[in-house]
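Each remark here refers to the structure printed beneath this line.
Scope of the values below: all heavy atoms of this structure, side chains included, with no hydrogens, waters or symmetry mates. Lettering of chains follows the sequences in order, A, B, ..., and the numbering in each one begins at 1.
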Protein chains: 2
Amino acid sequence: MLGNSHPDLSLQCGDCPIRHRAVCARCDEDELDQLEEIKYYRSFEAGQTIVWSGDRMDFVGSVVTGIATLTQTMEDGRTQMVGLLLPSDFVGRPGRAMAAYDVVATTDLVMCCFRKKPFEDMMLHTPRIAQRLLEMTLDELDAAREWMLVLGRKTAREKIASLLAIIGRRDASLKVSAGAGQMVFDLPLTREAMADYLGLTLETVSRQISSLKRDGVIELAGKRHVTIPDFDRLLEEAGDDNDGGLVA
Amino acid sequence: MLGNSHPDLSLQCGDCPIRHRAVCARCDEDELDQLEEIKYYRSFEAGQTIVWSGDRMDFVGSVVTGIATLTQTMEDGRTQMVGLLLPSDFVGRPGRAMAAYDVVATTDLVMCCFRKKPFEDMMLHTPRIAQRLLEMTLDELDAAREWMLVLGRKTAREKIASLLAIIGRRDASLKVSAGAGQMVFDLPLTREAMADYLGLTLETVSRQISSLKRDGVIELAGKRHVTIPDFDRLLEEAGDDNDGGLVA
DNA sequence: ACGCGAGATTGATCTGGGTCAAGGAGCGCC
DNA sequence: GGCGCTCCTTGACCCAGATCAATCTCGCGT
């Protein structure tokens, strides 16, 4: 996965995406070196919880490979996913000691971490890092608000289509895109995880996926391997007029 | 309203809350003076649209008095409110030309604005402003994610209770709180606007409010004036275990 | 005081998606 | 290669909330 190449994201140069996209897009060499010093890697297995909501969290970082989710849980067990972390996404909140959500690896995962205190110190002295972080946070806020529309006003079928569109778009931007408007990817989530993201039950997710398949909007090989023959058709199903800014 | 006093927020010192809370909590006098120079006020009437989604937006700012909403609309007319702006809340996204949402004043409203370009320039030279803005954006992100749980997983009754809790909490932090766990405020939203916030219909909102009234969770004088006799009871109805971080 | 109109309430009915329940399909493991 | 496990699909039924349709209320202007 690290070897993948896309001209717009410099994910493949060097060994860590954070160096290029997540926090340091415009940093000079000194600043990069400082970051190197407080950087370390952690690996997690599929299903492993990276942080529990309420736990002390002494690092921030970004996903190198694999997929993680942010979820909230009510005491009666209802859960809602509030974020989907794909490679290059940032985790953690500078200036807060406790994690506000459960962070769970849904696939095997490698994270590039920075100890929080030195990272915060660096932010104080390196406006560009703070700036970049602000930009990223604003993007996440937009994505969260886009998702509020999905959760509040879309039908089950539209919700599924919206999720597939998000994953497809993000995935395609990481891979060399397949030819001719066609889009191929593997679903990184179980039906249950999709349901938690969409505010549905897993049965409804399954039914709507079957329905979209029946109608030729998507093709499925096995349970996870998806082909989108016509992405515009999918967007239409999602109720998206503009192919707007849904960014996971 | 400008004259209100609360020890934790220095809203009442000076003539503009942004000076103290929104962007400049820890700025020195020089920095404050710079902000003063690019500051101006705008007034809006109830119902007036401040910015249309997709319009050029050449300012950022914060609400001084009144209430505004951020909404998204699908082409078939379904709308979802994605943010509620109460006094001292920040509007606008540095580094983006176009507004992503409709911003509508739901009451008469005064905004303290800064022309965007000079504000952005100031951010580059004044780390504390960028820092403060990052903090605020992270708070908004948390609020948006909290709201995703409300939209995705809560029942209509819980949604109403959650909204009342948010408004009550915010309102109480601006006013001197009424005695003995009791909480009194005026609903700043119509039933329809509440429905748009909660992903419900206005009929359901009305029914649930009646039901909460019948059960003694809230008291209503007229259509808008609300008394919460027991805030903990309301939180229980909202399904909130911890009285956690819902911040509008 | 009166009448008008926007907003709110309440009722009757319908339906999308939840719930409960019964298999099926793939896959790793002995 | 069959056993068991986890994940997924499909069916039957139900219910919370949407929809459609009357009123009702109250603030406001004359």
Side-chain angles (χ1 to χ4, degrees), chain A residues 45-48 74 76-80 104 106-108 150-164 186-215 218-226 237 239, chain B residues 45-47 69 74 76-80 104 106-108 150-164 186-215 218-226 237 239:
Chain A
E45 288 175 19
Q48 209 179 337
M74 294 172 67
D76 63 5
R78 282 178 280 178
T79 72
Q80 175 66 49
V104 181
T106 60
T107 65
D108 289 348
V150 172
L151 289 172
R153 291 302 184 191
K154 291 196 177 178
T155 64
R157 171 181 263 243
E158 289 169 334
K159 284 178 175 181
I160 298 288
S162 298
L163 180 56
L164 292 174
D186 286 310
L187 279 176
L189 300 174
T190 65
R191 301 289 186 263
E192 188 179 20
M194 289 192 246
D196 282 344
Y197 204 0
L198 297 166
L200 298 170
T201 59
L202 69 92
E203 293 96 327
T204 298
V205 169
S206 181
R207 273 187 253 273
Q208 295 300 333
I209 288 180
S210 299
S211 161
L212 288 171
K213 190 168 81 176
R214 221 174 298 123
D215 299 345
I218 64 174
E219 287 156 27
L220 269 185
K223 286 144 195 254
R224 299 297 192 87
H225 194 72
V226 181
E237 290 286 350
Chain B
E45 288 176 18
T69 62
M74 295 172 69
D76 64 3
R78 283 178 280 177
T79 73
Q80 175 66 49
V104 181
T106 60
T107 64
D108 289 348
V150 172
L151 288 172
R153 293 300 183 193
K154 291 197 177 178
T155 65
R157 172 180 262 243
E158 289 170 334
K159 285 178 174 182
I160 298 287
S162 298
L163 180 57
L164 292 175
D186 285 310
L187 278 176
L189 301 173
T190 64
R191 302 290 187 263
E192 188 180 19
M194 288 191 245
D196 282 343
Y197 203 0
L198 296 166
L200 297 170
T201 58
L202 70 91
E203 292 95 328
T204 298
V205 170
S206 182
R207 272 187 253 271
Q208 295 301 331
I209 287 179
S210 299
S211 161
L212 288 171
K213 189 168 81 175
R214 221 173 299 123
D215 298 347
I218 63 174
E219 287 156 26
L220 269 186
K223 286 147 197 250
R224 299 295 193 89
H225 194 72
V226 180
E237 291 285 350

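Straight-line distance from the CD atom of B:Gln208 to the C1' atom of C:dT9: 13 Å, rounded to whole Å. The interatomic distance linking A:Asp196 (CG) with D:dC7 (P) rounds to 13 Å, in whole Å. For B:Ile160 and C:dT9, the CD1 to P distance is 10 Å, given to the nearest whole Å. Nucleotide D:dA16 holds its C1' atom 15 Å from the CG atom of A:Leu200, rounded to whole Å. Following rounding to the nearest Å, B:Arg153 (CZ) and C:dG17 (C1') show an atom-to-atom distance of 12 Å. Atom pair B:Leu220:CG and D:dC26:P shows a separation of 12 Å (rounding to whole Å applied). Rounded to an integer number of Å, the gap from A:Lys213 NZ to D:dC8 P is 13 Å. Here the P atom of nucleotide D:dT9 and the CG atom of A:Leu212 are 12 Å apart, to the nearest Å.
Between the side chain of A:Arg207 and the base of C:dT19, a donor-acceptor pair under 3.5 Å is found. Side-chain to base pairing of A:Glu203 with D:dC8: no donor and acceptor N or O lie closer than 3.5 Å to each other.
You'll find the side chain of B:Leu220 reaches within 4.5 Å of the side chain of B:Val226, heavy atoms only. Put simply, the side chain of A:Leu164 reaches to within 4.5 Å of the side chain of A:Leu187, judged on heavy atoms. Contact of the B:Arg78 side chain with the A:Glu158 side chain is registered, since non-hydrogen atoms from C-beta on lie closer than 4.5 Å.
A:Lys159 NZ to A:Leu163 CG: the interatomic distance, rounded to the nearest 0.5 Å, is 11.5 Å.
The side chain of B:Thr201 places no N or O atom within less than 4.0 Å of a non-bridging phosphate oxygen (OP1 or OP2) of D:dT19.
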Intra- and inter-strand pairing of DNA chain D, written as dot-bracket with Watson-Crick and G-U pairs under 3.5 Å and | for the latter, reads ||||||||||||||||||||||||||||||
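Side-chain atoms of A:Asp108 never come within 3.5 Å of backbone atoms of A:Glu45 as a donor-acceptor pair (strictly under, hydrogens ignored). The backbone N or O of B:Ser206 lies less than 3.5 Å from a partner atom in the side chain of B:Ser210, making a donor-acceptor pair.
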side-chain contact (heavy atoms from CB on, under 4.5 Å), that's the test. Do A:Arg224 and A:Thr190 meet it? Break it down for me.
CA-CA 8 Å; A:Arg224 299 297 192 87; A:Thr190 65; 3.4 Å; yes
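When all heavy atoms of A:Asp196 and A:Gln80 are compared, the closest pair comes out as O-NE2, 3.0 Å.
Across C:dT9, D:dG17, C:dG17, the shortest atom-to-atom separation from the side chain of B:Ser210 is found for C:dT9.
Contact annotation for B:Gly199: backbone-only contact, meaning every heavy-atom pair under 4.0 Å involves sugar-phosphate atoms and none involves a base.
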Each nucleotide N or O in nucleotides 6-8 of chain C that has a protein N or O under 3.5 Å away: list the pair and distance.
| from | atom 1 | to | atom 2 | distance (Å) |
| --- | --- | --- | --- | --- |
| C:dA8 | OP2 | B:Arg191 | N | 2.9 |
| C:dA8 | O4' | B:Lys223 | NZ | 3.3 |

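Tested against B:Ser162, the residues B:Arg157, B:Glu237, B:Lys154 include a single side chain to side chain donor-acceptor pair (under 3.5 Å) partner, B:Lys154.
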